[in-house]
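I have placed the structure first, in the form of structure tokens, so that the comments after it can refer back to it.
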2 protein chains.
Amino acid sequence: MLSRQEKRLNRIIKMLHLSNPTTVNNLSSIMDVSHMTIRRDLELLKERKLVDIFHGGVILNNEKKRAKQHPYSLSFANKQMNPEKKLIAVKASSYIKSNDIIILDTGSTMEYFARALPDCFPFTVICFTLNSLVHVSKMDQAEIIFPGGYFHENTLMFESKEGIELIKENPADTAFISASGISMEAGVSCSNDYEFATKTEMIKSADKKILLVDSSKFNKVKSTPFAELTDFDVIISDKSIPKEYRDYCNTQNIELILV
Amino acid sequence: MLSRQEKRLNRIIKMLHLSNPTTVNNLSSIMDVSHMTIRRDLELLKERKLVDIFHGGVILNNEKKRAKQHPYSLSFANKQMNPEKKLIAVKASSYIKSNDIIILDTGSTMEYFARALPDCFPFTVICFTLNSLVHVSKMDQAEIIFPGGYFHENTLMFESKEGIELIKENPADTAFISASGISMEAGVSCSNDYEFATKTEMIKSADKKILLVDSSKFNKVKSTPFAELTDFDVIISDKSIPKEYRDYCNTQNIELILV
DNA sequence: TTTATAATGTTAAAATTATAACATTTCTAA
DNA sequence: TTAGAAATGTTATAATTTTAACATTATAAA
């Protein structure tokens with residue numbers, strides 16, 4: 001149970017989210033406490049670096065906000081391989097045709113892909129992560145299907161068995177899939193159990209399957225295998241992949257695109 | 001060639017980009033003009049909707065920024081009744097308890113509500129719109145269930161029959177419902193067909209039903225009726241509602257909270 | 001240059017906000 | 001339940017900001 005004051009502090013922060021900045025008077029009339037109480041509250045919030053006080057009022061200190069954001073978001077993923085990932089994403093976007101239904105997997109490469117989607121002709125996007133959704137929703141011509149479900153904070157993914165049903169209901173032209181591990185022997189794998197059902201259903205649902213993986217993922221095996229390399233029609237990666245995979249794709253008749 | 005004043009106006013905006021908000025005194029000492037000059041400048045900037053003035057200082061107006069984003073977002077909804085909506089939202093947030101499962105309806109009032117959610121104890125949020133989702137996903141302690149489905153651009157809502165199944169699967173403690181029309185005879189109504197199934201299922205699913213509607217919605221009937229007033233346990237509105245509704249709630253034993 | 005106009009500065013009074021000291025209420029633990 | 005402590009409210013005074021009226025300075029056109 002929070003003390004009255006702590007409740008007020010929370011409420012003040014909430015109020016600030018609604019209208020920033022705000023005044024001592026406004027707060028004291030809304031909360032129905034004296035201005036001195038509000039001032040004392042603000043002093044505390046200031047000590048906690050949550051707000052800044054100015055003559056007459058208070059403003060959120062949004063240094064914190066920026067720092068927090070999302071653990072996955074871009075801040076983290078941006079750090080490694082992003083030039084390759086961007087190139088891979090841009091290359092992949094050329095596989096989209098007007099009126100296609102496409103399906104986007106999760107992961108940082110897919111966020112670049114979502115950002116690289118063309119917005120000059122109409123098509124339908126099925127996606128699963130908050131990041132992709134935010135980008136896609138800003139597009140003018142795209143229809144969006146977001147199967148939804150339970151939120152997973154580490155990847156910003158939503159999944160549920162009902163979501164799987166929605167994938168089945170909307171067979172896709174092309175699935176753009178990502179992975180954390182690629183191995184000639186162990187196949188294609190990812191790091192989270194909960195992605196399995198969605199990933200396999202995406203692959204089943206789509207006519208054409210395209211795998212987007214930068215070279216750092218090769219010869220790695222992660223906890224959850226979800227497909228064979230031969231399940232894919234196209235693999236888009238960068239020039240640093242091990243040579244044996246070039247030969248393998250050749251013999252297996254997989255189109256290998258290296259950016 | 002810009003006039004002196006125009007140059008100052010530009011400089012003030014630049015200063016604000018560096019530190020927002022700032023004070024009249026700070027600006028006048030930096031620009032080496034009198035506080036009256038700064039005040040007159042600020043009046044101009046305010047007329048141009050570039051800044052907001054508060055006692056002692058000035059802050060950038062970033063409504064513009066937001067307005068671009070989504071057609072619905074805040075730009076539109078902000079225009080009418082927003083002080084009441086904010087107060088209603090803040091009031092409603094006090095009905096959430098630790099470990100509750102709550103369910104958030106669509107609409108602008110609900111976006112305010114999503115922003116006003118407490119983040120000092122854990123609970124689960126079920127929601128349907130992109131706006132709510134973006135806010136909720138930034139919270140530290142909230143679990144999120146997003147039923148998902150097909151996207152409706154005008155309200156930023158997602159809905160599907162699979163989404164409805166997810167609601168059924170997660171019975172809520174409290175449903176926070178909004179409406180575009182309230183009428184003693186015709187009941188509670190909204191403006192979009194596609195909201196019907198979700199709204200009725202939300203109401204069925206929740207133990208406690210709270211209706212959030214500002215006074216502008218009273219004595220209006222919209223295209224899609226979805227509930228009776230008596231379906232609700234609590235109605236939160238503002239003091240301008242027609243008197244007859246006060247009596248009605250009294251006789252029908254509906255808790256009526258007016259902010 | 002002169003003159004009219006606009007822009008800026010100055011000042012004092014009014015309004016608002018801040019502070020500090022003390023009174024009252026509320027909470028907590030014995 | 002009650003004493004002590006913490007939180008909140010009240011008040012008067014101090015500090016700051018705002019306003020409005022008017023003085024001064026800069027600017028541009030005749």
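Naming convention: chains lettered A, B, ... in sequence-line order (proteins, then strands); numbering from 1 in each chain. No hydrogens, no waters, no symmetry mates; every other heavy atom, side chains included, goes into these values. Since we're looking at a predicted model, the values are computed, not measured.
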Whole angstrom is fine here: how far is it from [atom1] in [X] over to [atom2] in [N]?
X	N	atom1	atom2	result
Leu42(B)	dT8(C)	CG	P	13 Å
Ile53(B)	dT17(D)	CD1	C1'	13 Å
Glu43(B)	dA7(C)	CD	C1'	16 Å
Met31(A)	dT8(D)	CE	P	12 Å
Asp41(A)	dT8(D)	CG	P	7 Å
Leu9(A)	dA7(D)	CG	C1'	12 Å
Leu27(B)	dT8(C)	CG	P	14 Å
Gln5(A)	dT26(C)	CD	P	16 Å

- Task: Would you please indicate if the ring centroids of Phe158(B) and Phe128(B) are separated by under 6.0 Å?
- Result: no
- Pair Tyr194(A) + Tyr150(A): ring centers closer than 6.0 Å: no
- Evaluate the side chain to side chain donor-acceptor pair (under 3.5 Å) criterion for residues Asn131(B) and Thr129(B): first the C-alpha distance (whole Å), next the side-chain angles of each, then the deciding distance (0.1 Å), finally the verdict. CA-CA 5 Å; Asn131(B) 277 341; Thr129(B) 74; 5.5 Å; no
- Hits for ring-ring contact (aromatic ring centres under 6.0 Å, His included) against Phe232(B), two or more places apart or cross-chain, chain-then-number order -> none
- Query: Quick one: what's the B/S/- string for nucleotides 9-17 of chain C, heavy-atom cutoff under 4.0 Å, read 5' to 3'?
  - Reply: BB-----SS
- Query: Atom OG in Ser94(B), atom CD1 in Ile257(B): separation rounded to 0.5 Å?
  - Reply: 8.0 Å
- Item | Row check, Phe226(B) ring normal vs Lys199(B) NZ/CZ: under 6.0 Å, within 45° | yes
